Amino acid sequence: MAVLLNNYYLQVATFVSVNALLGLSVYLVLSTGQLTLGNAGFMALGAYTAALLATKAGAPVWLTLPAAALVPAIVAIPLGYASLRLRGVYLAIATLGFTESVRVLLQNWEFAGGALGIKNIPSLGRMVQNGLKAAQIAPPAGLTHAQLANLVVLLFVLLVLGLALAFIYRQAGGRVGRAYAAIRIDEIAAEAMGINITYYKVLAFVQGAMLAGLAGGLVAHINFSVSPSEFAFGRAVEMLTLVVVGGSTTPLGPVLGAVLLIGLSEGLRDFSLFGARLSDYRLILYGLLLMLVVALRPQGLLTFAPRRKGARA
Amino acid sequence: MTQEASPILEVRGLTRTFGGLVAVSEVDLTVPEGAIFGLIGPNGAGKTTLFNLITGLLPPSGGSVNFAGRPITGRKPHVITQMGMARTFQNIRLFGALSALENVVVGTHCRTSSGVWGSVFRTRRARAEEDEAWARARAELEFVGLGDLMDAPAGGLAYGQQRRLEIARALATGPRLLCLDEPAAGMNETESQELIDLVRRIQARGISVLIIEHDMHVVMNLCDRIAVLNFGRKLAEGTPAEIRANPDVIEAYLGRDDDAADQGA
């Protein structure tokens, strides 16, 4: 047990869960048929919101995390109205432009540390550890304080992931989810059913931004530090890859994608090729995987298992 | 709602150009409340364009549309649907991956109101509304005769069934005027007879019907009034008997030398 709960495994599992949240943020927007690469930018906004509030204002976590979700949502409303007139690859390019703009702005924002970013963000692990010590709770036999703290952080992130999944499933089963599905399948028919397609596209876009921002806030509090380079093009593509590989028709797809891709790149750390660790070729690998999936199984690995209300005939 | 004087739909001087092409030119229509109004004309006469102008899918280049006494020119399609006008499509546009029943439930969207909060937390009001929406959808499927195919994926239904499913979905929006774009296309004789019965039952519910149709048997049997479109202009308007006897219509449809004997019922 103690071996399985070593700090490295716990951190990888936490990292996988955060990436699952990021995948879900893309999934939400995709569930209205819109392809966005802007969630890396929203993640950056969330991460910086949490980091700045925590380091400059000394705000507690229960305040920085909601703010990390709220600020991207506020930005997403006008951005959504402006950009969701575009479709398909044009929308992807416009939202990628947003992601890159955020990165460049942060890089040049001296108050937020410029290219170096923000350091010494209060970490969740440290907070838990201090809390445990203050409450004089001893870890169970065989576990260190750090392990217990990492375990608590993992459980917290899993809780957030579980809530996000529950939210998405519940929403999909109701009126809003039906509107999303109708828009994804046929916008014109959806409009003819009286569905305000602009409203629901923006709603999904904002929900995606909130989730990406929340994940960004979590990352800031898990990693101690944030820097603009974490939220570049590569991040946007990685988030999309999780969804495309895992499956974009069920919320479990992005979760599977996160487990596979993050697991893969972590597993490759121990191997090297041409004098570099194999995990450094991660993006190349993602690219190959993306091509393979699109060519062989375009619907992604996991597909939607119909779960419908039966006709009570 | 049986004010005979007030029309459900009033179209005045409606015009639409695509570049230099005039697809619909100065068309006037008046659909009386409760009527079944037919719109016929040769292929490319501008019937579907006229439909798209009325239902808001296309903005007109000129003219006006009044629905139930209110101007709707230039309004968005979803607003027009919310006001009580529903439509079907010539090239069927169902949500193919959803079940027949789910398609119809989507149609209840504009008669329901629960949002994210209600969906996620299943509030009592949202649950009651959902139950009502699903019951309504089942009733509409029964009404069009698809009661035993509720769980079938819409994309897998036979052609005629898909057309009836589109009608059920449109009815679920709670329309006062139903616009049908070639509902009998691709139907055999039995099916088109069933369609005639269905449209009559829709009329009996107090819903006015505007119908584009090529099948003359359907049009002549069903419609109280018919307008004929040719080259984007209204060529004639009248009762089925008047239209059948109109020499201009016969010429537009059949050419100068042809015989019109096989037209009509």
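Proteins come first, then strands; the chains are lettered A, B, ... in the order of their sequence lines, and each starts at number 1. Computed from a predicted model, the values in this text were never measured in an experiment.
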| Leading residue by heavy atom contact count with chain A [cutoff under 4.5 Å; candidates Arg122(B), Met83(B), Arg87(B)] | Arg122(B)

| request: Counting only heavy atoms closer than 4.5 Å, note whether Leu203(A) contacts chain B via side chain, backbone, both or neither. | output: side chain

| Member of Phe42(A), Tyr200(A), Tyr81(A) meeting the ring-ring contact (aromatic ring centres under 6.0 Å, His included) criterion with Phe205(A) | Phe42(A)

| query | Where on Glu166(B) is there a heavy atom nearer than 4.5 Å to chain A: the side chain, the backbone, both, or neither? | reply | neither

| message | For Arg111(B), which atoms come within 4.5 Å of any heavy atom of chain A: side chain, backbone, both, or neither? | response | neither

| task | Return yes if a side-chain donor-acceptor contact under 3.5 Å exists between Ser119(B) and Gln171(A), otherwise no. | result | no

| Check against side chain to side chain donor-acceptor pair (under 3.5 Å), Thr88(B) and Asp181(B) | CA-CA 6 Å; Thr88(B) 65; Asp181(B) 196 347; over 6 Å; no

| Interface moiety of Phe89(B) toward chain A, non-hydrogen atoms closer than 4.5 Å | side chain

| With a 4.0 Å cut-off, would you call Glu33(B) and Arg176(B) a salt bridge? | yes

| Residue, of Val176(A), Ile197(A), Ile168(A), Asn196(A), that accumulates the most heavy atom pairs under 4.5 Å with chain B | Asn196(A)

| field | Pick from Ser113(B), Gly115(B), Ala126(B), Ala137(B) with the largest number of heavy-atom pairs that fall under 4.5 Å of chain A | value | Ser113(B)

| Val79(B) portion near chain A, given a 4.5 angstrom heavy-atom threshold | neither

| remark: On a heavy-atom basis, the closest approach of Gly208(A) and Val29(A) is CA-CG2, 4.1 Å

| Heavy-atom contact with chain A under 4.5 Å, split by part of Thr173(B) | side chain

| query | Would Arg175(A) and Thr112(B) count as having a side-chain donor-acceptor pair, cut-off 3.5 Å? | reply | yes

| query | Any side-chain donor-acceptor pair under 3.5 Å between Arg184(A) and Tyr180(A)? | reply | no

